[in-house]
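Counting starts at 1 for both ligands and their atoms, following the listed order. Worth saying up front: this structure is predicted, and the values here are computed from it rather than measured.
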Amino acid sequence: MTPDCKPRCPRTGNHPDGSHLRTALDLAAAGVPPLPLRRGKVPFGNCRTCADGSCGGRPNMKSAGPCRCPAPCHAWAAATTDPSVLTSPAWAMAWRQAEAVAYHPGGAGLTVVDLDNAAAVAWARETLPTTRIVPTTRGEHWIFQGAMRSANAVRPGVDVKSLMQYARWLGPGDGHMLALPPAVRALVVKEDTTPARGGVVSSVPARATWDRTVAAGCRHTERYVRTGLERGLAKVRGHAESGAGSQAFGVARFLAAQHAQCPGPCGLDAMGEEIVAAAVLVGVPEPYARRAVNNGLEAASERAT
Ligand SMILES: [Zn+2]
Ligand SMILES: [Zn+2]
Ligand SMILES: [Zn+2]
């Protein structure tokens with residue numbers, strides 16, 4: 001369950017001969033499913049069959065499909081503890097070109113609170129119980145036992161990486177690993193489960209915008225996503241008189257469906273925020289706009305699974 005293997009370099013966790021495959025096999029033996037990262041520390045692109053979506057995606061993806069591609073396609077969804085897959089010819093080329101090793105925390109029953117910078121680390125030290133900590137380039141990974149839904153940017157500089165996500169493997173870290181505390185679960189809560197805030201409903205929600213940085217696992221181009229999103233926002237704005245709420249629902253569902261085949265994350269939460277903001281600007285009460293958008297995003301994912 002835990003990445004307790006002791007790789008040789010205490011800093012990177014990699015074997016001194018630079019063999020990412022050996023690091024991966026160590027992780028797999030400890031029950032942690034690894035995957036190779038290419039230049040830029042991102043997953044390898046999908047093969048031709050998987051790239052056009054005709055494979056349908058892997059069975060463990062949100063939009064479960066029958067893909068059994070032998071290559072490390074579909075990012076986190078390809079991560080496996082099966083040594084025969086890790087050492088297969090289809091993966092061998094990826095390991096040779098790999099620049100880093102990642103793992104699928106959710107697949108190992110783990111959650112990584114990824115703290116991007118010193119301010120985020122300071123926040124964690126004040127707020128979260130101290131668990132196993134792995135130093136990263138500019139911040140820290142705090143690792144907890146237990147899997148949960150992942151979400152990017154739950155606070156400035158803080159991502160929660162668990163199910164349907166990958167995290168860089170930077171060594172086993174130090175400290176006793178705690179069970180996932182409520183404080184971490186609370187970082188990722190669906191909006192509609194929080195009680196309605198009293199007071200001003202006409203205020204525009206906090207600005208969150210979609211960009212490539214929140215969509216590491218999206219297989220579409222930035223231009224494609226942005227164009228679709230702008231078209232949807234225009235639709236919502238065009239219904240200032242009435243029906244903007246149901247437009248928001250329809251636009252959210254339509255946009256989310258476009259990403260049914262992506263390994264994710266695609267930044268759907270950020271897209272949702274933009275739709276909520278557009279609806280509020282034309283007079284839809286924020287709680288209603290949020291519910292409409294969340295329902296739209298959910299409707300798309302339910303249909304896909
Ligand atoms: Zn493939
Ligand atoms: Zn595939
Ligand atoms: Zn996508």
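With hydrogens and angles disregarded, a donor-acceptor distance shorter than 3.5 Å links the side chain of E274 to the backbone of W210.
The hydrophobic clustering, which links ILVMFWY residues whose side-chain heavy atoms are closer than 4.5 Å, places V214 and L255 together. Both Y224 and L229 belong to a common hydrophobic cluster when Ile, Leu, Val, Met, Phe, Trp and Tyr are linked at side-chain heavy-atom distances under 4.5 angstrom. Tracing side-chain contacts under 4.5 Å through hydrophobic residues (I, L, V, M, F, W, Y), one never reaches F44 starting from V85; they form parts of separate clusters. Both W123 and W142 belong to a common hydrophobic cluster when Ile, Leu, Val, Met, Phe, Trp and Tyr are linked at side-chain heavy-atom distances under 4.5 angstrom.
Inspection of the environment of the Zn ion (ligand 3) yields the following protein N, O or S atoms under 2.8 Å: C218 SG, H259 ND1, C262 SG, C266 SG.
Counting non-hydrogen atoms of other residues, nucleotides and ligands closer than 6.0 Å to CZ of R138 gives a total of 12 or fewer.
The Zn ion (ligand 2) has an N, O or S atom of C67 closer than 2.8 Å. The nearest N, O or S atom of C55 is not closer to the Zn ion (ligand 1) than 2.8 Å. None of the N, O or S atoms belonging to C73 lies under 2.8 Å away from the Zn ion (ligand 2). Using a cut-off of 2.8 Å, one finds that C47 contributes an N/O/S atom close to the Zn ion (ligand 1). Among the atoms of C50, an N, O or S atom falls under 2.8 Å from the Zn ion (ligand 2).
Ring-centre distance between W76 and H104: below the 6.0 Å cut-off.
T80 and D82 are not linked by any side-chain donor-acceptor pair at a separation below 3.5 angstrom, with hydrogens and angles left out of the test.
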